[in-house]
Amino acid sequence: MLTEELQQRTARTIMRTYARFPVSLVRGKGCTVYDAEDRDYLDFTAGIAVNALGHGHPDLVTAIERQARRLAHVSNLFYSEPQVRLAEQLVAHSCADKVFFCNSGAEANEAAIKLARKYAVQRHGPDRHEIITMHNGFHGRTLATLTATGQPKIQHGFAPLPAGFVYANFNDVASIERRITPRTAAVMIEPIQGEGGVVTADRAFWDALQHLCRARGVLLIVDEIQTGMGRAGTLFAYEQYGIRPDIITLAKGLGGGLPIGACLATDDVARAFEPGSHASTFGGNPLACAAALVVITALLDGGLLEHCRTVGDYLHKGLQALRQHCALITDVRGLGLLQGMELAIAGQPVVLDCLARRVLINCTAEKVLRFTPPLIVTTGEIDRLLDVLSGVLKKQQAAHRQHV
Ligand SMILES: *Cc1c(COP(=O)(O)O)cnc(C)c1O
């Protein structure tokens with residue numbers, strides 16, 4: 001699967017932050033990627049919920065090519081039309097009024113944290129700076145966002161962590177309410193805890209959370225970095241919960257594979273930023289924005305949102321059906337094309353067995369298989385995944401029975 005040479009060169013020069021699969025991918029088309037020996041793999045990871053339009057989508061390639069010839073980057077010292085066009089689309093189709101562009105999810109959340117603090121401190125005084133986030137959540141790897149990430153394993157070794165973050169339980173409004181004090185600036189939360197194991201919360205929770213935040217003058221920041229841009233079957237997952245966040249963060253699927261992040265906010269909140277408050281050299285550069293415009297156009301005008309809902313439902317039902325025949329599966333949950341399957345055993349051996357059968361999936365939270373294919377995935381491709389997964393789980397179950 002991989003030349004040993006590439007593995008060795010990687011070990012010599014790249015920092016050891018990733019446990020990689022022994023595969024080197026060199027090209028892709030649609031939902032299929034190919035390794036250096038031209039073996040094909042069905043891609044149900046989409047670069048961790050990034051490649052919304054799949055690999056090598058002709059419209060995306062054309063737009064990137066065209067923009068690269070014209071102008072790739074100018075910085076924010078100047079006006080840029082692709083950036084404004086993208087912002088206009090995001091604002092027109094969300095409850096937000098203003099956008100700040102950056103280059104990744106962690107940066108989008110950094111912007112959200114800075115904006116929430118600045119707004120709350122201006123409005124209520126210097127003590128109003130705390131952000132409540134959820135245990136088991138994920139918001140990124142910078143110092144502030146790993147502190148916002150309520151997972152000890154991600155924070156370990158990086159003390160001292162920035163002050164001003166407290167943790168509550170997901171899907172538990174009483175636990176959030178207990179942590180609200182005169183110091184609370186905002187609650188920051190994912191619509192679905194993606195890295196935390198595709199964990200969902202019920203609609204009553206979102207209702208009550210919105211109510212609570214309004215009543216206590218606390219901002220609601222929704223981290224849509226994984227769930228946004230159609231992944232959950234609507235442009236933003238929050239739409240399905242009937243809430244109106246004050247701040248929304250995006251990245252992953254936004255650029256269809258090019259690095260871009262965004263922090264969206266209502267006018268009232270966005271006014272807390274003034275020239276000099278925040279900045280990004282690359283943020284919203286014409287190349288990334290041209291790519292993102294293709295993605296959002298496909299979602300809104302190309303029928304991709306409806307497609308995602310239909311095939312997402314098909315995938316969910318297919319995974320549920322496997323559960324009828326496999327005792328190792330303890331839960332199936334998710335929205336649209338962000339689906340998780342919780343197992344009674346570790347997920348990694350299943351992931352490796354699928355890889356050997358040339359289907360790429362991934363595992364989060366130890367026991368949860370996560371399925372995030374490109375949004376253009378077909379029912380035929382879903383059938384192939386289900387077929388392979390069914391075989392792999394049967395084998396695992398037989399092996400497991402022998403052990404117990
Ligand atoms: C991936 C992710 C992030 C971090 O994004 P990066 O681009 O890796 O910095 C933050 N929040 C959520 C919900 C994510 O899924």
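Atoms within each ligand, like the ligands themselves, are counted from 1 in listed order. We number each residue from 1, following the sequence as shown.
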Would you call Arg123 and Asp268 a salt bridge, taking side-chain N to carboxylate O under 4.0 Å as the test?
yes
Using a strict 4.0 Å cut-off to heavy atoms of Gln226, name the atoms of ligand 1 that fall inside it.
15 (O)
Atoms of ligand 1 under 4.0 Å from any heavy atom of Lys252, numbered from 1 in the order shown, are 1 (C), 2 (C), 3 (C), 14 (C), 15 (O)
Specify the protein heavy atom at minimum distance from atom 5 (O) of ligand 1: its residue, its atom name, and the distance to 0.1 Å.
Gly105 CA, 3.3 Å
May I ask you to say whether Glu110 pairs ionically with Lys114, meaning some side-chain N is under 4.0 Å from a carboxylate O?
no
Give me the one residue out of Gln151, His139, Gln226 that meets side-chain hydrogen bond (donor to acceptor under 3.5 Å, both in side chains) with Glu195.
Gln226
Would you say Asn109 and Thr249 are linked by a side-chain donor-acceptor pair, where the criterion is simply a distance under 3.5 Å?
yes
Asn109 heavy atoms within 4.0 Å reach ligand 1 at atoms 10 (C), 11 (N)
Near Asp223 (heavy-atom distance under 4.0 Å), the atoms of ligand 1 are 10 (C), 11 (N), 12 (C), 13 (C)
With respect to Ala251, determine whether any N or O atom, backbone or side chain, lies less than 3.5 Å from an N or O atom of ligand 1.
no
Glu190 neighbourhood, listing ligand 1 atoms whose heavy-atom distance to it stays under 4.0 Å:
13 (C)
Of all protein heavy atoms, the one nearest atom 9 (O) of ligand 1 is Ala106 N, 2.8 Å
Return the minimal non-hydrogen interatomic distance between Val295 and Gly255, and the atom names on each side.
CG2-C, 4.0 Å
CZ (Arg333) with more than 12 external heavy atoms under 6.0 Å
yes
